[in-house]
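One structure is given here, and the rest of the page talks about it.
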Amino acid sequence: MTKLSRNWFSQWSGDEKEVLYEVQGWPTNMVVDLESRTCTCRFWQLTSMPCTHAIVAIQDKNDKGPEEYCHEWLTMDAYRRTYYFNIFGKKKGSPAPVPPQVKIKPGRPTMNRRKDKD
Ligand SMILES: [Zn+2]
């Protein structure tokens, strides 16, 4: 995302909290709000991870790194907490799955490849 953000230029809107930025580029300009963590492209709202436009604004503000604007659930700590009890779980008593039995159909097996119409 940081690499993709090279073609965008941010412009602070001049608000008191210094959280609103207009990010200019092709095909249209975007509005980034660093406080509510939103962008008009809606990528940030959908993924909880800053989009290219947000990264340009974050770099312009220069208070925290883009990683710190990611949601907590995207961190390795959250990932490890999620799977902490499952990866090293005990084996259950149920039998392991087995593949289905192959039935050999009557007659000589087809040797020619089935070709497409075209
Ligand atoms: Zn965006």
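In each ligand, atom 1 is the first atom listed, and ligand 1 is the first ligand listed. Predicted model, so just to flag it, every value in this text is computed and none were measured. Side chains are part of it too, since the values below use all heavy atoms of this structure and drop only hydrogens, waters and symmetry mates.
More than 12 heavy atoms of other shown residues, nucleotides or ligands fall within 6.0 angstrom of atom CH2 in W12.
Under the 4.5 Å side-chain heavy-atom criterion for grouping Ile, Leu, Val, Met, Phe, Trp and Tyr, V19 is not connected to F9 through any hydrophobic cluster. A continuous path of hydrophobic side-chain contacts links L34 to V56 [ILVMFWY only; heavy atoms under 4.5 Å].
Considering only heavy atoms from C-beta on, F43 stays 4.5 Å or farther from M30 through its side chain.
Judged as a salt bridge (Lys or Arg N to Asp or Glu O under 4.0 Å), and not counting sequence neighbours, the contacts of K17 are E35.
Protein N/O/S atoms found under 2.8 Å from the Zn ion (ligand 1), listed by chain and residue number: C39 SG, C41 SG, C51 SG, H53 ND1.
For the pair K61 and Y21, the cation-pi test (distance below 6.0 Å, angle within 45°) is failed.
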